[in-house]
**Student:** 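Here it is: the structure, laid out below.
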Amino acid sequence: MCANSIKIKLKRIDGLIIPYEYNYYLAINFYEKLFLYNDLIRKIHNPDSYSLHTFSNIISNKGKSGLNGLDIPDGFIIFRSLDSRLINYLRLGLSLNPTIKIVNAKYIVESIHNWKEFDGRNEFYFRTLSPVVVKDFNSSKRYVDDPTEVEDNLLRVTYWQLENLFNIKNSNLEIKIKNIRRKSVRISSKPNGISKTIGFEFEGKISGDPNALKVIYYRGLGSKTGLGLGEIEVRDNEN
């Protein structure tokens, strides 16, 4: 059975502190592992393409925050894609080179397992597993930084993405969010003032056409999802 969702278990083997905004560095590692997919199947990390995948923060119960960054000795990442071929090529890339470097820290992939697939429901509660970056629907060059602007812009941008990128019309999408928190994220390798923006972590409820929810589950919410942004976890209840 082809997998569209995997759990990647990591263990640190060198170094210590990683940046708070480490999502971009993880993404660069994954792009490197996907070189065959990029060459043979579909260009990724390209201005003319859009992401078909997303991944979570490093999930760990041992992580500690410090003044200069995060100390995460081990943990796991949930990686998802609408294209199961991308998952297969990522498995191959990680088997050829199981090391992941985040600035001065180095991790090794200990194991990869299939993870939870989307079950076709038309509504669910959720929480974010990585920050969501939201574009201003009326100004595509601006990212929303005010929590009060997130819900409306996220809904409108997602509607546009579903219709124009995935040909899903009349998705009847509804997104309600709560407990929203701002979080700084890195979206490029340019100097800090340009490369960082504001993302948001939150909980909520989403409903609509199951095909639309499937896209969101495997691709993520918001923009720049291929940089490890916008992944969500389905919850069975609101709590």
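One-based numbering along the sequence shown. Just so you know, these numbers come straight off a predicted model, no measurement behind them.
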**Student:** For N122 versus P210, what's the shortest heavy-atom pair and its separation?
**Tutor:** CB-CG, 4.0 Å
**Student:** Do R182 side-chain atoms and D145 backbone N/O form a donor-acceptor pair below 3.5 Å?
**Tutor:** yes
**Student:** Can you tell me if R181 uses its side chain to pair, donor with acceptor, with the backbone of N179 under 3.5 Å?
**Tutor:** yes
**Student:** Decide yes or no for N57 and L129: does some side-chain heavy atom of the first lie under 4.5 Å from some side-chain heavy atom of the second?
**Tutor:** no
**Student:** Answer with yes or no whether the hydrophobic clustering places L16 together with L10; edges join I, L, V, M, F, W, Y residues whose side-chain heavy atoms lie under 4.5 Å apart.
**Tutor:** no
**Student:** Would you say the side-chain atoms of D83 and Y37 include a donor-acceptor pair closer than 3.5 Å?
**Tutor:** yes
**Student:** If I compare all heavy atoms of F200 with all of V144, which pair ends up nearest, and what's the gap?
**Tutor:** CE1-O, 3.3 Å
**Student:** Would you compute the distance between atom CZ of R219 and atom OG of S51 and round it to the nearest 0.5 angstrom?
**Tutor:** 6.0 Å
**Student:** Taking the ring centre of each residue, are F30 and Y25 less than 6.0 Å apart?
**Tutor:** no
**Student:** Mind checking whether Y143 and K224 have side chains closer than 4.5 Å, heavy atoms only?
**Tutor:** yes
**Student:** Taking L94 as the starting point, is it possible to reach F76 by hopping between hydrophobic residues whose side chains are less than 4.5 Å apart?
**Tutor:** no
**Student:** If we check side chain to side chain contact (heavy atoms under 4.5 Å, CB included) with I87, which of these qualifies: I6, L34, N114, L92?
**Tutor:** I6
**Student:** For atom NZ of K169, is the number of surrounding heavy atoms from other residues, nucleotides or ligands below 6.0 Å larger than 12?
**Tutor:** yes
**Student:** Is there a side chain to side chain contact (heavy atoms under 4.5 Å, CB included) between F126 and F202? Walk through the geometry before answering.
**Tutor:** CA-CA 9 Å; F126 71 91; F202 47 81; 3.6 Å; yes
**Student:** For atom NZ of K101, is the number of surrounding heavy atoms from other residues, nucleotides or ligands below 6.0 Å larger than 12?
**Tutor:** yes
**Student:** Do you know which two heavy atoms are closest between V109 and I112, and how far apart they sit?
**Tutor:** CG1-CG1, 3.9 Å
**Student:** Mind running side chain to side chain contact (heavy atoms under 4.5 Å, CB included) on L155 and V157 for me, showing each step along the way?
**Tutor:** CA-CA 6 Å; L155 180 61; V157 167; over 6 Å; no
**Student:** Under the salt bridge (Lys or Arg N to Asp or Glu O under 4.0 Å) criterion, do K64 and D71 qualify, and how do the steps go?
**Tutor:** CA-CA 5 Å; K64 298 177 182 178; D71 174 4; 5.6 Å; no
**Student:** Give a yes or no on whether L229 and L90 share a hydrophobic cluster (residues Ile, Leu, Val, Met, Phe, Trp, Tyr; joining criterion: side-chain heavy atoms under 4.5 Å apart).
**Tutor:** yes
**Student:** Let me see the working for K205 and E238 under salt bridge (Lys or Arg N to Asp or Glu O under 4.0 Å), right down to the final yes or no.
**Tutor:** CA-CA 8 Å; K205 184 179 181 181; E238 192 171 4; over 6 Å; no
**Student:** Flag yes if more than 12 heavy atoms outside N170 fall under 6.0 Å of its CG atom; otherwise flag no.
**Tutor:** no
**Student:** Hey, mind stepping through I18 and V103 against side chain to side chain contact (heavy atoms under 4.5 Å, CB included) and telling me if it holds?
**Tutor:** CA-CA 7 Å; I18 63 174; V103 189; over 6 Å; no
**Student:** If hydrophobic clusters are built by linking Ile, Leu, Val, Met, Phe, Trp and Tyr wherever their side-chain heavy atoms come under 4.5 Å apart, do V234 and Y125 end up in the same one?
**Tutor:** no
**Student:** Let me confirm one number: the CD1-CD distance from I168 to E163, rounded to the nearest 0.5 Å.
**Tutor:** 10.5 Å
**Student:** Say you draw a straight line from CG of N23 to OG of S130; how long is it, rounded to the nearest 0.5 Å?
**Tutor:** 8.0 Å
**Student:** So which atom in S188 and which in S195 form the shortest heavy-atom distance, rounded to 0.1 Å?
**Tutor:** O-CB, 3.2 Å
**Student:** For the pair K106 and I100, evaluate side chain to side chain contact (heavy atoms under 4.5 Å, CB included) and give the outcome as yes or no after the intermediate values.
**Tutor:** CA-CA 6 Å; K106 187 180 292 185; I100 290 179; over 6 Å; no
**Student:** Do you know which two heavy atoms are closest between L213 and E123, and how far apart they sit?
**Tutor:** CD1-N, 3.8 Å
**Student:** Between R127 and E203, is the salt bridge (Lys or Arg N to Asp or Glu O under 4.0 Å) condition met? List the steps.
**Tutor:** CA-CA 4 Å; R127 71 179 179 101; E203 302 166 18; over 6 Å; no
**Student:** Starting at OH of Y50, measure out to CZ of F166 and round the result to the nearest 0.5 Å.
**Tutor:** 5.0 Å
**Student:** With rounding to the nearest 0.5 angstrom, report the CD1 to CH2 distance, I77 to W115.
**Tutor:** 13.5 Å
**Student:** Contact between R42 and L52 at the side-chain level, heavy atoms closer than 4.5 Å - yes or no?
**Tutor:** yes
**Student:** Considering only heavy atoms from C-beta outward, does the side chain of I232 approach that of L221 to under 4.5 Å?
**Tutor:** yes
**Student:** Take a 6.0 Å sphere around CG of N97 and say whether it holds more than 12 heavy atoms from other residues, nucleotides or ligands.
**Tutor:** yes
**Student:** After noting the C-alpha distance and the side-chain angles of D74 and R12, does the key distance pass the salt bridge (Lys or Arg N to Asp or Glu O under 4.0 Å) rule?
**Tutor:** CA-CA 6 Å; D74 56 40; R12 189 176 61 209; over 6 Å; no
**Student:** Is it true that atom CD of E174 has more than 12 heavy atoms of other residues, nucleotides or ligands lying nearer than 6.0 Å?
**Tutor:** no
**Student:** Looking at K183, K196, R186, which hits salt bridge (Lys or Arg N to Asp or Glu O under 4.0 Å) with E21?
**Tutor:** K196
**Student:** Compare all side-chain heavy atoms of D14 with those of N104 and state whether any distance is below 4.5 angstrom.
**Tutor:** no
**Student:** Treating Q161 as the side-chain partner and R156 as the backbone partner, does any N or O pair qualify as donor plus acceptor under 3.5 Å?
**Tutor:** no
**Student:** About how many Å separate CD1 of I177 and CD of E151, when rounded to the nearest 0.5 Å?
**Tutor:** 5.0 Å
**Student:** What is the minimum heavy-atom distance between I72 and S60, and which atoms define it?
**Tutor:** CG2-CB, 3.8 Å
**Student:** Consider side-chain hydrogen bond (donor to acceptor under 3.5 Å, both in side chains). Of T197, N153, D136, which one does R142 pass it with?
**Tutor:** D136
**Student:** Step through it carefully: locate the ring centre of F79, locate the ring centre of H53, and say whether they are under 6.0 Å apart.
**Tutor:** yes
**Student:** Check whether any side-chain heavy atom of T148 lies under 4.5 Å from a side-chain heavy atom of V150, and answer yes or no.
**Tutor:** no
**Student:** Using the rule that two of Ile, Leu, Val, Met, Phe, Trp, Tyr join whenever any of their side-chain heavy atoms come within less than 4.5 Å, decide whether I108 and L70 are in one cluster.
**Tutor:** no
**Student:** Against the six-membered ring of F118, is K214 placed for a cation-pi contact (under 6.0 Å from the centre, within 45° of the normal)?
**Tutor:** no
**Student:** Hey, are K116 and D119 close enough for a salt bridge, meaning a charged N less than 4.0 Å from a carboxylate O?
**Tutor:** no
**Student:** Is there side-chain contact between S5 and Y218, with at least one heavy-atom pair below 4.5 Å?
**Tutor:** yes
**Student:** Heavy atoms, side chains only, cut-off 4.5 Å: are V132 and L154 in contact?
**Tutor:** yes
**Student:** Using the side chain to side chain contact (heavy atoms under 4.5 Å, CB included) definition, which of the options L227, N38, L26 pairs with Y31?
**Tutor:** L227
**Student:** Can you tell me if E231 and Y217 form a side-chain donor-acceptor pair at under 3.5 Å?
**Tutor:** no
